[in-house]
Amino acid sequence: MASGPSWRRTHTCGELRKAHVGQTVVLNGWVHARRDHGGIYFLDLRDRYGLTQVVIDERLAGSIKLAPEFVISVRGVVSAREGAQINSERPTGEIEVLAQSIEVLSTSPLPPIDISGATETALETRLKYRYIDLRRPQMQRNLAHRSRFINAMRRAFERQGFLEIETPILTKATPEGARDFLVPSRVHPGEFYALPQSPQIFKQILMVAGLDRYFQVARCFRDEDLRADRQLEFTQLDMELAFVEEEDVFATWEQVMRDTFKEALGIELPIPFPRMRWEEAMERFGVDKPDLRFGLELHAVDAWARASEFQVFRSAVEAGGRVMGIAVPAQYSLSRKDITELETVAKGIGAKGLAWWKAGATGGSGPLAKFCASPQAAQSLMSTMGAAEGDTCLFIADRTSLTRKVLGELRNQLGRRLGLIPKLSSTTDAAQWRFTWVTHFPLFEWDEDAQRFFSAHHPFTAPEDWSLGGALDGATPDLGSLSSRAYDLVLNGWELGSGSVRIHRADVQQKIFSLLGIGPEEQKRKFGFFVEALSYGAPPHAGFAMGLDRITALTLGLDNIREVIAFPKTASAVDLMCGAPSLVDLEQLIEVHVRSVLPEPKPGAAPA
RNA sequence: GGGGACGUAGCUCAAUUGGUUAGAGUACCGGCCUGUCACGCCGGUGGUUGCGGGUUCGAGUCCCGUCGUCCUCGCCA
């Protein structure tokens, strides 16, 4: 028997069953709901584990003032409920606790959040009073799911011989990539630590150090604007292996995902996951994170366009661009209004227009009909598009990247609008979880504003061709066409994470830096230690990191990661509960040798 | 930085073309009720319509500014 104060609970509010009838128990929890019948009243007591009905007969328990969200201790006897009194909706519905005494442990004013879930409280209020919001059974379920999911992943990695190793939070600023969060050094005036955007360099160095198989549940920080699926700080399951290539990483993760889905969700995922080169994903789906739960794939109609009389199509192809389309089956009967709305979407992304054609062997209808007047032209377009009589074909003609981007977005919107995406809520149907690896991303991407190339993934990514198209030997290849050994894992249109085979050769690493415009002096200052580490016997290695906020939200059928983060920030990067960020005392700034230089106040702005 | 939506009672929302004292549901408080579990019935409290300015005889409603929240583009190696 546990000793302790008289109010200490003997059971939780989700625990008592018929087998406990007759026992004297003590429950602790929050007053969830009351139903007063005069002389007798019913109380639902709530904790993390559930609800238990407490029956209060004032002749036994005495008169006591209870209001919502009071924290109380109830001592009483477990009693069976009979017949119509049984609540079959609740696990504890076959019993109730007859109160003998009640002690109020804590009181509460009327809470600003409806904990019962009858109304959906504004997010702003939920975040300000997060400690109340988190009492809601749904949030407790979300956080419990997250905990179970991540722990299952941990076990899955340990079974495969991985070591969990922590890396520093106070580290060195990373050039390239996202904006860093900086932390001033008190000891070294004028110098700064940075919070890690990821443990990338550390995990590679762990491979050089011979740790061979590393993983970590790692907090990452990126000072960029937030989104529904992005926070300033987020959590990754980060990992790295030595003496491996792509397929070893894929196989490891497939097993981890299979184990985790089975343990945390009871779902038997089929493995291996399909693989698809980046170029194929872009060509078939228009995006690098294809949602494979529905069809509506893109079709290239460049050849047809080149031969056609339609000037818009011809000139797009002749200018080096593309003409591509989506065929929407006749059964979805896309209306003129639907098409106009889709055109608005397309133009919003940057398309000049949206051409459409209702397929027909005798020319069909719509703006393209007159270019399909000949049966040959109509038939050829239908077969290129994989379209049948009556299907609606939507076309974009533009430079390659925009054509893909617009059609990719239209495809996703059509998938949603036409109801092609099944609901994920609490499903155990493995077929609804469509994973795919997307491989061989481009190595570099051209940045128009900066007028230079950047790493598409990060500068430690191995090229598909170690000679870098001859650049290693002094040639000057077209950097934009080089392919990398970077890969993403995609689930139902979400990017779950990314990784790559790394560069383990100091010469190739230095060449990549040079191609990115980072000269020898800058390389030495920023990455000298890392290149030096590579020079001391670096094994071939590769790795991956998965966004845990995203995967845990997705597996709950949620599309906002705030629902699986205990204390998230708003879209403007504010913690509404504690009021961060905030001003600090001048003394604190002086101590870390920092002076605030504020932007000019906006004219007409209200005084603070 | 750009675009869009929103801000009214503790919570969720309504309020006609600018027009009487800003309403409803729910919650809460009080009363009644011994088997409810969305308890029921009766009564009641509760409002700086985010904030500031303007137009008007009159502003929740129109205009300007500002603050905040959400979504989104840019951004996120």
Side-chain angles (χ1 to χ4, degrees), chain A residues 32-44 51-59 65 67-69 79 81-90 92-93 96 98 108-129 132-133 174-180 197-198 200-201 220-232 234 345 348-350 405 409 441-445 447-449 453-461 484 486 495 498-500 512 516 545 547 559-560 562 569-572 574 576 601-608:
Chain A
H32 187 70
R34 300 156 300 161
R35 293 175 292 280
D36 186 352
H37 285 260
I40 185 171
Y41 87 78
F42 302 99
L43 176 81
D44 290 334
L51 292 171
T52 297
Q53 173 160 286
V54 175
V55 183
I56 302 172
D57 182 335
E58 293 190 350
R59 289 170 304 184
K65 159 84 182 139
E69 297 309 304
S79 161
R81 293 157 78 168
E82 304 294 345
Q85 291 176 18
I86 293 173
N87 185 343
S88 54
E89 312 266 296
R90 287 184 192 163
T92 60
E96 60 196 359
L98 296 178
S108 171
L110 186 61
I113 288 171
D114 179 0
I115 293 163
S116 74
T119 52
E120 185 71 20
T121 305
L123 187 61
E124 189 171 357
T125 311
R126 293 178 51 204
L127 293 182
K128 180 171 179 187
Y129 298 96
I132 302 173
D133 188 43
T174 42
E176 309 281 305
R179 226 171 268 116
D180 283 319
Q197 296 177 25
S198 79
Q200 183 61 36
I201 288 185
C220 306
F221 306 86
R222 294 177 190 173
D223 187 6
E224 298 291 346
D225 287 350
L226 293 80
R227 286 283 192 285
D229 62 351
R230 266 166 32 196
Q231 286 270 313
L232 296 180
F234 58 99
V345 171
I349 303 166
K405 186 176 179 185
E409 176 61 27
F441 277 63
L443 187 62
F444 299 114
E445 274 168 1
D447 184 300
E448 275 300 325
D449 296 332
F453 281 101
F454 283 86
S455 289
H457 184 53
H458 57 52
F460 315 111
T461 303
S484 81
E495 180 199 322
S498 56
S500 61
I512 292 279
L516 289 169
D559 55 15
N560 196 307
R562 288 190 189 96
K569 290 178 180 56
T570 67
S572 60
V574 170
L576 288 178
K602 289 179 193 169

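In what follows, chains are A, B, ... by sequence order, proteins preceding strands, each numbered from 1. Both backbone and side-chain heavy atoms feed into the values below; hydrogens, waters and symmetry mates do not.
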Query - Nearest-angstrom distance from the residue atom CD1 of A:Ile113 to P of B:C28 - result: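 Going from CD1 in A:Ile113 over to P in B:C28 covers 16 Å.
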Query raised in the report: Just how far, in rounded Å, is P of B:A38 from NE2 of A:His37?
Result: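 My rounded result for the distance is 11 Å.
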State whether [X] places a side-chain N or O below 4.0 Å from either non-bridging phosphate oxygen (OP1 or OP2) of [N].
X: A:Thr119; N: B:A27; answer: no
X: A:Arg90; N: B:U36; answer: no
X: A:Arg34; N: B:C28; answer: yes
X: A:Thr121; N: B:C11; answer: no
X: A:Arg35; N: B:C39; answer: yes
X: A:Lys405; N: B:G74; answer: yes

Requested in this report: Kindly give the heavy-atom pair with the smallest separation between A:Asp180 and A:Asp223, and that separation in Å.
Outcome: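 Closest approach of A:Asp180 to A:Asp223: O-CB, 4.1 Å.
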Query raised in the report: Closest heavy-atom contact between A:Arg562 and A:Ala571?
Result: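 Nearest pair, atom of A:Arg562 first, then A:Ala571: NH2-N, 3.5 Å.
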Selected nucleotide, minimal atom distance to [X] side chain, candidates [options]:
X: A:Arg227; options: B:C70, B:C37, B:U72; result: B:U72
X: A:Arg562; options: B:G35, B:G25, B:C70; result: B:C70
X: A:Asp44; options: B:C37, B:U36, B:C75; result: B:C37
X: A:Asn87; options: B:G35, B:C37, B:U69; result: B:C37
X: A:Leu576; options: B:U69, B:C75, B:U36; result: B:U69
X: A:Asp114; options: B:U36, B:G74, B:C11; result: B:C11
X: A:Phe42; options: B:C70, B:G35, B:G74; result: B:G35
X: A:Gln53; options: B:C76, B:U69, B:C37; result: B:C37
X: A:Ala228; options: B:C76, B:C37, B:U72; result: B:U72
X: A:Asn560; options: B:G10, B:C75, B:C71; result: B:C71

Query raised in the report: Does any nucleotide pair with B:U26 by Watson-Crick or G-U wobble geometry, both distances under 3.5 Å, and what is it?
Result: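 By the stated definition (distances under 3.5 Å), B:G10 pairs with B:U26.
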**Report entry** Opposite nucleotide pairing with B:U34, Watson-Crick or G-U, both atom distances under 3.5 Å
**Finding:**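 Here B:U34 is not engaged in any pair, so there is no nucleotide opposite it.
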Mind checking if [X] touches a base, just sugar-phosphate, or nothing, with heavy atoms under 4.0 Å?
X: A:Lys128; value: nothing
X: A:Glu120; value: sugar-phosphate
X: A:Glu69; value: nothing
X: A:Ala456; value: sugar-phosphate

Under 3.5 Å, is there any donor-acceptor pair linking the side chain of [X] to the base of [N]?
X: A:Gln85; N: B:G35; value: yes
X: A:Glu82; N: B:G35; value: no
X: A:Arg222; N: B:C76; value: no

